[in-house]
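See structure below.
In this chain, numbering begins with 1 at the start of the sequence shown. Keep in mind that the numbers below use all heavy atoms, side chains included, and drop hydrogens, waters and symmetry copies.
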Amino acid sequence: MHRHLAVYPGSFDPITCGHLDIARRAANIFEHLIVAVAEHSGKNMLFSTDERAELVRASVADLPNVEIRTFSGLLTDFVRQTGARVIIRGLRAVSDFEYEFSMSLMNSHLAPEIETMFLPTSEGYSFISSSMIKEVYRLGGDVGDTIPPCVLQALAGKYHS
Ligand code: COA
């Protein structure tokens with residue numbers, strides 16, 4: 001069991017400045033943070049697992065205590081394998097609460113020793129979502145200040161190549 005370790009899971013399709021804000025703040029609290037990119041999360045993904053993990057890796061390159069891993073299957077099984085006791089999730093608005101709360105209850109039913117900790121999303125990022133960014137980009141809107149530069153480049157590769 002590693003008290004200094006936390007896991008921040010998500011589909012990250014793609015990673016946004018909102019995710020990055022949560023990852024940075026969690027990395028300030030814990031000695032080591034694993035950003036866990038889900039291979040399947042029930043969503044229709046634009047980017048492959050490897051592409052999503054690579055974009056996360058490039059976005060957190062300046063954070064030496066952050067490691068990027070991919071996982072399939074149950075999140076709680078993956079977290080147990082790492083030895084972590086904490087799952088980090090960001091909360092943007094009240095609308096996130098119901099989904100996040102039920103997910104945390106199911107996870108603690110499956111693995112009572114693992115706690116979910118919620119970090120409130122910083123004010124400027126509360127309106128961001130990965131699907132909204134993809135839609136606005138596809139329709140020609142400017143999303144440059146809501147995603148890391150490597151993600152902007154990757155979106156251009158997906159939609160303009
Ligand atoms: N700022 C801005 N936006 C944020 C944000 C933040 N801090 N945190 C999340 N978001 C947005 C994302 O952009 C994303 O938007 P989208 O819905 O438009 O794509 C959405 O909120 C949530 O996505 P993400 O944070 O990438 O995570 P997720 O909800 O897709 O991840 C898993 C879910 C992977 C954690 C969950 O499905 C899982 O654990 N899967 C493994 C299987 C399992 O164990 N299932 C049982 C779970 S009870």
Side-chain angles (χ1 to χ4, degrees), residues 1-43 45-134 146-151 154:
M1 194 257 288
H2 303 297
R3 287 184 193 279
H4 57 278
L5 174 65
V7 173
Y8 176 32
S11 32
F12 304 107
D13 185 44
I15 185 168
T16 69
C17 291
H19 290 126
L20 209 46
D21 163 61
I22 299 291
R24 272 183 204 291
R25 285 159 55 207
N28 271 337
I29 300 170
F30 291 90
E31 272 175 37
H32 195 78
L33 179 73
I34 296 174
V35 179
V37 179
E39 288 187 16
H40 312 283
S41 67
K43 289 182 180 174
M45 305 283 187
L46 174 66
F47 293 100
S48 71
T49 308
D50 287 347
E51 287 170 333
R52 286 179 284 127
E54 204 39 59
L55 290 172
V56 174
R57 194 166 286 119
S59 306
V60 302
D62 62 323
L63 302 176
N65 61 334
V66 177
E67 179 189 346
I68 293 64
R69 304 261 297 268
T70 60
F71 76 101
S72 56
L74 282 177
L75 173 63
T76 45
D77 288 344
F78 172 79
V79 175
R80 271 186 176 142
Q81 277 165 29
T82 66
R85 279 292 190 80
V86 176
I87 294 170
I88 301 286
R89 291 286 289 171
L91 276 183
R92 285 169 298 175
V94 183
S95 50
D96 281 345
F97 183 78
E98 212 169 320
Y99 167 66
E100 293 295 338
F101 189 55
S102 54
M103 198 157 67
S104 74
L105 288 180
M106 176 55 85
N107 284 334
S108 77
H109 173 74
L110 295 169
E113 77 282 12
I114 297 171
E115 295 286 354
T116 300
M117 282 179 62
F118 295 112
L119 289 181
T121 297
S122 298
E123 208 180 357
Y125 301 125
S126 58
F127 66 97
I128 301 175
S129 85
S130 301
S131 31
M132 215 180 273
I133 283 170
K134 287 180 280 191
T146 60
I147 47 178
C150 61
V151 172

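- At distances below 3.5 Å, at least one donor-acceptor pair connects side-chain atoms of Glu51 with backbone N or O atoms of Ser48.
- Pairing each heavy atom of Thr82 with each of Ile34, the nearest pair is CG2-CD1, 3.7 Å.
- In this structure, CG on Leu33 lies 7.0 Å from CD1 on Ile88, to the nearest 0.5 angstrom.
- Residues forming a ring-ring contact (aromatic ring centres under 6.0 Å, His included) with Phe101 (at least two apart in sequence, or on another chain): Phe97.
- The shortest non-hydrogen separation linking Ile68 to Arg57 is O-NH2, 3.7 Å.
- Within the 4.5 Å cutoff, the side chain of Arg89 has heavy atoms near those of the Met103 side chain.
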Does the pair Leu91 and Glu100 meet the rule for a side chain to side chain contact (heavy atoms under 4.5 Å, CB included), with working shown?
CA-CA 8 Å; Leu91 276 183; Glu100 293 295 338; 3.6 Å; yes

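- What you find for Ala27 and Asn65 is that their closest heavy atoms are O-ND2, 2.8 Å.
- To the nearest 0.5 Å, atoms NE2 (His109) and OG1 (Thr76) are separated by 10.0 Å.
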For a salt bridge (charged side-chain N to carboxylate O under 4.0 Å, His left out) check, start with the C-alpha distance between Arg80 and Glu113, then their side-chain angles and the critical distance, and finish with the verdict.
CA-CA 9 Å; Arg80 271 186 176 142; Glu113 77 282 12; 2.7 Å; yes

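- Judged by distance alone, with hydrogens and angles left aside, the side-chain atoms of Ser122 form no donor-acceptor pair with the main-chain N or O of Tyr125 at under 3.5 Å.
- In terms of heavy-atom proximity, Leu20 sits nearest to Pro148 at CD2-CG, 3.9 Å.
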Residue pair Glu67, Arg69: steps toward the salt bridge (charged side-chain N to carboxylate O under 4.0 Å, His left out) verdict:
CA-CA 7 Å; Glu67 179 189 346; Arg69 304 261 297 268; 3.4 Å; yes

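- The two residues Phe30 and Met117 make their nearest non-hydrogen contact at CZ-SD, 4.0 Å.
- Under the 3.5 Å distance criterion, the side-chain polar atoms of Arg85 are left unmatched by any main-chain donor or acceptor of His4.
- What you find for Ser72 and Glu39 is that their closest heavy atoms are CB-OE1, 3.7 Å.
- Taking CD1 of Ile87 as the reference point, atom CG of Asn107 lies at 4.5 Å (rounded to 0.5 Å).
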Sequence neighbours left out, cut at 3.5 Å: what donor-acceptor pairs do the side chains of residues 7-18 make with other protein atoms?
| from | atom 1 | to | atom 2 | distance (Å) |
| --- | --- | --- | --- | --- |
| Asp13 | OD1 | Leu46 | N | 3.3 |
| Asp13 | OD1 | Phe47 | N | 2.9 |
| Asp13 | OD2 | Leu46 | N | 2.8 |
| Asp13 | OD2 | Lys134 | NZ | 2.8 |
| Thr16 | OG1 | Gly18 | N | 3.1 |
| Thr16 | OG1 | His19 | N | 3.2 |
| Thr16 | OG1 | His19 | ND1 | 3.4 |

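- Here the CD1-OG1 distance, from Ile128 to Thr121, works out to 8.5 Å after rounding to the nearest 0.5 Å.
- The CZ atom of Phe127 sits 11.0 Å away from atom CZ of Arg92, with the distance rounded to the nearest 0.5 Å.
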